[in-house]
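This report refers to the structure that appears directly beneath it.
Sequence positions, counted from 1, serve as the residue numbers for this chain.
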Amino acid sequence: MKILLLNPNTTAAVTDLLHAAGSKVVSAGTELVPVTASRGVPYIATRAEAQIGGAIALEMLAEAGDGCDAAIIAAFGDPGLFGARELFSFPVVGLAEAAMLTACMVGRRFAIVTFAGALTPWYEECVAMHGLAARCAGVRALDGAFQSISEVQAEKEELLVALAKQAVEQDHADVVILSGAPLAGLAAKVRDRIPVPVIDPVAAAVRQAETLAVLRPRKAVAGTFRRPDPKPTLGLAGPLAAVIEHRSPKQGAR
């Protein structure tokens, strides 16, 4: 089995964190293939950046083609996820959706804890997008700047643990999700210091991607996630244009 671990931002060190965390839970015989965006922003934190990252994610998935059994869009707000499910026949999993659905299996209400306040509106809208607002106890984020996106979990570990405890005590969260790709792997380090289950989004996404790859659900041919009808494109990356136009990339542009 081959699972694409797609980081739609440009920070390779974050991809390394994601891959390290995912590799700890991946099944024997599953290859986790990390890919970092070649253009975009260092980390996605706003609605506009999410739109950019979503488009880049679609390009990266199209370039991967059918060479994977499943793919993970490894940014917590799930940029491009629904579009990917329209276009591609292999299962595509988002960090946020995977983490939230996993949290719902171990508690009634989950809290999302993250490292930057700028992420809060996007994350709140992501919760609503997935229809899980009633299960969410709230989004809590740290104030203040950080020195390095790839080192933020080490820099802010104590503050994030304290914030998680506040979510349990004040928001009555049954489960805590430590969110944002730069926090990949932190849940395993701090789980015994937080009094409720702690979910690592990349670990949840890897295991759910494996499950979907084994189940092999058919690609919808009806409903809202059926593949859109072909249409001409102009100026798109070649592999994505080929997917939208329903042609093989080897056929060339029309």
Does any pair with a residue in residues 191-218 pass ring pair (Phe, Tyr, Trp, His ring centres under 6.0 Å), and if so which ones, sequence neighbours excluded?
none

Is Asp200 reaching over with its side chain to a backbone N or O of Ala184, donor-acceptor style, under 3.5 angstrom?
no

Glu124 side chain reached by Ile112 side chain, heavy atoms, under 4.5 Å:
no

Shortest non-hydrogen pair, Asp78 vs Met129, comes out as CB-CE, 4.3 Å

Asp174 and Val196: CA distance, side-chain angles, deciding distance, side-chain contact (heavy atoms from CB on, under 4.5 Å) verdict:
CA-CA 6 Å; Asp174 302 311; Val196 298; 5.7 Å; no

My understanding is that only residues two or more places apart in sequence, or in another chain, count here; which of them pass ring pair (Phe, Tyr, Trp, His ring centres under 6.0 Å) with Phe76?
Tyr123

Would you list the atom pairs, donor with acceptor, under 3.5 Å between side chains in residues 20-27 and any protein atom, with sequence neighbours excluded?
unit_1 : atom_1 : unit_2 : atom_2 : d
Ser23  : OG     : His19  : O      : 2.7
Ser27  : OG     : Arg207 : NH1    : 2.9
Ser27  : OG     : Glu210 : OE1    : 3.0
Ser27  : OG     : Glu210 : OE2    : 3.2

I'd like to know if the side chain of Glu63 reaches the main chain of Pro239, judged simply by a donor and an acceptor atom lying under 3.5 Å from each other, with no hydrogens or angles considered.
no

If we ignore hydrogens and angles and just use 3.5 Å, is the side chain of Arg135 paired with the main-chain N or O of Gly107 as donor and acceptor?
yes

Sequence neighbours excluded and cut-off under 3.5 Å, please list the side-chain donor-acceptor pairs for residues 38-45, or say none.
unit_1 : atom_1 : unit_2 : atom_2 : d
Arg39  : NH2    : Glu59  : OE1    : 2.6
Arg39  : NH2    : Glu59  : OE2    : 2.6

Nearest 0.5 angstrom please: Ile194 CD1 to Lys165 NZ, how far?
8.0 Å

Check whether more than 12 heavy atoms from other residues, nucleotides or ligands sit under 6.0 Å from atom CZ of Arg193, and answer yes or no.
yes

Taking it one step at a time, do Phe115 and Ile149 satisfy side-chain contact (heavy atoms from CB on, under 4.5 Å)?
CA-CA 10 Å; Phe115 60 91; Ile149 190 63; 3.7 Å; yes

Between atom OG1 of Thr211 and atom CZ of Arg216, what is the distance when rounded to the nearest 0.5 Å?
15.0 Å

State whether the side chain of Arg85 and the backbone N or O of Val92 hold a donor-acceptor pair below 3.5 Å, judged by distance alone.
yes

Give me each pair satisfying ring pair (Phe, Tyr, Trp, His ring centres under 6.0 Å) with a member in residues 147-176, each pair once, sequence neighbours excluded.
none

Under 4.5 Å between side-chain heavy atoms, counting indirect links through other Ile/Leu/Val/Met/Phe/Trp/Tyr residues: same cluster for Leu119 and Leu81 or not?
no

Roughly how far apart are Leu6 CG and Ile56 CD1, rounded to 0.5 Å?
10.0 Å

Is there a donor-acceptor pair closer than 3.5 Å between any side-chain N or O of Glu97 and the backbone N or O of His130?
no

Heavy-atom side-chain contact between Leu163 and Lys156 under 4.5 Å
no

Minimum heavy-atom distance between Thr30 and Ile3, given as atom pair plus value
CG2-CD1, 3.8 Å

Do any N or O atoms from the side chain of Asn7 and from the backbone of Ala75 form a donor-acceptor pair under 3.5 angstrom?
no

Which pair of heavy atoms, one from Leu183 and one from Val113, lies closest together, and at what distance?
CD1-O, 4.2 Å

Here the gap from Leu142 atom CG to Leu160 atom CG, rounded to the nearest 0.5 Å, amounts to 4.5 Å

CD/Gln170: more than 12 non-hydrogen atoms of other groups inside 6.0 Å
yes

By the ring pair (Phe, Tyr, Trp, His ring centres under 6.0 Å) test, which pairs, at least two apart or in different chains, include something from residues 195-236?
Phe82-Phe225

Flag, side chain of Lys219 to backbone of Glu86, donor-acceptor distance under 3.5 Å
yes

Ignoring hydrogens, what is the shortest heavy-atom contact between Ala50 and Pro79? Give both atom names and the distance.
O-CB, 3.4 Å

Leu4/Met60 under side-chain contact (heavy atoms from CB on, under 4.5 Å): CA gap, chis, key distance, verdict
CA-CA 10 Å; Leu4 185 70; Met60 295 169 72; 5.8 Å; no

Quick check on Arg109: does its CZ atom have over 12 non-hydrogen neighbours (other residues, nucleotides or ligands) under 6.0 Å away?
yes

One should read off an interatomic distance between Glu125 CD and Thr120 OG1, to the nearest 0.5 angstrom, of 11.0 Å

Interatomic distance, Leu58 atom CG to Leu240 atom CG [nearest 0.5 angstrom]:
6.0 Å

Phe90 and Val214: same hydrophobic cluster, using ILVMFWY side-chain contacts below 4.5 Å?
no

Side-chain donor or acceptor of Asp69 paired with backbone N/O of Lys2 under 3.5 Å
yes

Minimum heavy-atom separation for Cys126 and Ala96, please, with both atom names.
SG-CB, 3.6 Å

Looking at Ala173, is its backbone amide N or carbonyl O close enough to the side chain of Asp171 to form a donor-acceptor pair, meaning the two atoms are under 3.5 Å apart?
no

Non-hydrogen side-chain atoms of Leu178 and Val190 separated by less than 4.5 Å
yes

Going hydrophobic residue to hydrophobic residue with side-chain gaps under 4.5 angstrom, can you get from Leu18 over to Val152?
yes

List the atom of Leu17, the atom of Pro182, and the distance in Å for their closest heavy-atom pair.
CD1-O, 3.6 Å

For Glu155 and Ser148, does a side-chain donor sit closer than 3.5 Å to a side-chain acceptor?
no

Treat each ILVMFWY residue as a node, draw an edge where side-chain heavy atoms are under 4.5 Å apart, and state whether Leu101 and Val198 are in one component.
yes

Residue among Lys231, Arg227, Arg226 satisfying salt bridge (charged side-chain N to carboxylate O under 4.0 Å, His left out) with Asp229
Arg226

Quick one: do Val93 and Val33 end up in the same hydrophobic cluster if we chain Ile, Leu, Val, Met, Phe, Trp and Tyr together by side-chain heavy atoms under 4.5 Å apart?
no

Short side-chain to backbone donor-acceptor contact, Thr114 and Ser179, under 3.5 Å:
yes

